[in-house]
There are 2 protein chains.
Amino acid sequence: MRIGELGERAGFRPKTIRYYEQIGLVPEPARLPNGYRDYEESAIGLLRFVGAAQSIGLTLGEIREVLAFRNRAEQPCEHVLGVIDRHVEGLGERIRALESMRRDLLRLARRSRLVPRRRAAYCHIIQEVGSH
Amino acid sequence: MRIGELGERAGFRPKTIRYYEQIGLVPEPARLPNGYRDYEESAIGLLRFVGAAQSIGLTLGEIREVLAFRNRAEQPCEHVLGVIDRHVEGLGERIRALESMRRDLLRLARRSRLVPRRRAAYCHIIQEVGSH
DNA sequence: GTAGAGGTTCCAGTCGACTGGAAGGTCAAC
DNA sequence: GTTGACCTTCCAGTCGACTGGAACCTCTAC
């Protein structure tokens, strides 16, 4: 299939797919006699993989590393486990921060609606967040 | 105090402080006779506010909006409450996504360590994440 | 044959958040 | 007086993830 169809089905713009190919994230596909890229069905899965990896916070660089192992059909090595551990650690912190933030913002929104004359209350909350 | 000291005490580089001034995030300070910037103590609190707001995910543009209201000592108006609501909503989603991600990664890490010969397990998990 | 959609490469730009570097001034300690 | 740390402005660059646009080709429907 051509690049436009691949993009439609995998959820990426052609420009983005070409960009990914340029930075070596995905392989160059075969070409039709007219020079158009000709993708296999498997390219959809690969791009979906990239999208999923992005959605869990991996950078394109990290995804490329992971794909390198996937493409070689090797089991995760210490390197990939290291990537996972780093993310798990960071995730815990981010979740705690976000939950705290959410609670604060909900409380603030409630207070602001109950006491509309309360002054500078938003700034007060942000400063509490900052002092944790 | 001069910009270097402010940066030390507030946790920002002088370059960054000048950048914030340039984009209108923080006000221009007074100047000494030699042209050096001369900051009041309150500038530390303002920059800490910026840092705290960044840490809960606000963009500089959003922080600037909030500061505009703070500086006028007005109570949060509908606009600021709108910013809060947007963030609360987005936060809930992000927290759920991060928690799901964290669970998946923890499970993956455990499985990978118990069954070190398991092949391409990482890719499998990412694809599960993507299919949620 | 024509028009328009879709494709190609190449090069540069956008966005947001900084950061580097050039060119030069100021100041305090030695 | 000299040196080195710190300051100034200005202009452009970096990073990561794209995206726009120019110039041109290909193909299908009318």
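Here is the naming used below: chain letters follow the sequence lines, and residue numbers restart at 1 for every chain.
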Hits for ring-ring contact (aromatic ring centres under 6.0 Å, His included) against B:Tyr39, two or more places apart or cross-chain, chain-then-number order -> none
In whole angstroms, the gap separating P of C:dT8 from CZ of A:Arg31 amounts to 6 Å
To the nearest angstrom, the CZ-C1' distance between B:Arg18 and C:dG21 comes to 13 Å
Between CG of B:Asp38 and C1' of C:dT26 the distance, given in whole Å, is 15 Å
Taken to the nearest whole Å, CD/B:Glu8 to C1'/D:dA5 is 13 Å
Under a 4.0 Å heavy-atom criterion, the protein footprint on nucleotides 14-30 of chain D, written with B, S and -, is ---BBBBB----BS---
Separation between OG1 (A:Thr16) and CD1 (A:Ile3), nearest 0.5 Å, reads 9.0 Å
Output a table of donor-acceptor pairs, distance under 3.5 Å, between side-chain atoms of residues 40-47 of chain A and any protein atom two or more places apart or on a different chain; print 'none' if there are none.
residue, atom, partner, partner atom, Å
A:Glu41, OE1, A:Arg9, NH2, 3.0
A:Glu41, OE2, A:Arg9, NH1, 3.2

The complete set of salt bridge (Lys or Arg N to Asp or Glu O under 4.0 Å) pairs with one or both residues in residues 21-37 of chain B, sequence neighbours excluded, reads B:Glu21-B:Arg37
ring-ring contact (aromatic ring centres under 6.0 Å, His included) pairs touching residues 5-34 of chain B, sequence neighbours excluded, are B:Phe12-B:Tyr20
Taken in chain and number order and not counting sequence neighbours, the residues that satisfy side-chain contact (heavy atoms from CB on, under 4.5 Å) with A:Asp38 are A:Leu32
Between CG of A:Leu32 and C1' of C:dG6 the distance, given in whole Å, is 13 Å
*OP1 or OP2 of D:dC7 under 4.0 Å from side-chain N/O of B:Arg37*: no
Separation of D:dT8 atom P from B:Leu6 atom CG, nearest Å, is 11 Å
Whole-Å distance, A:Ile3 CD1 to C:dG6 P, equals 13 Å
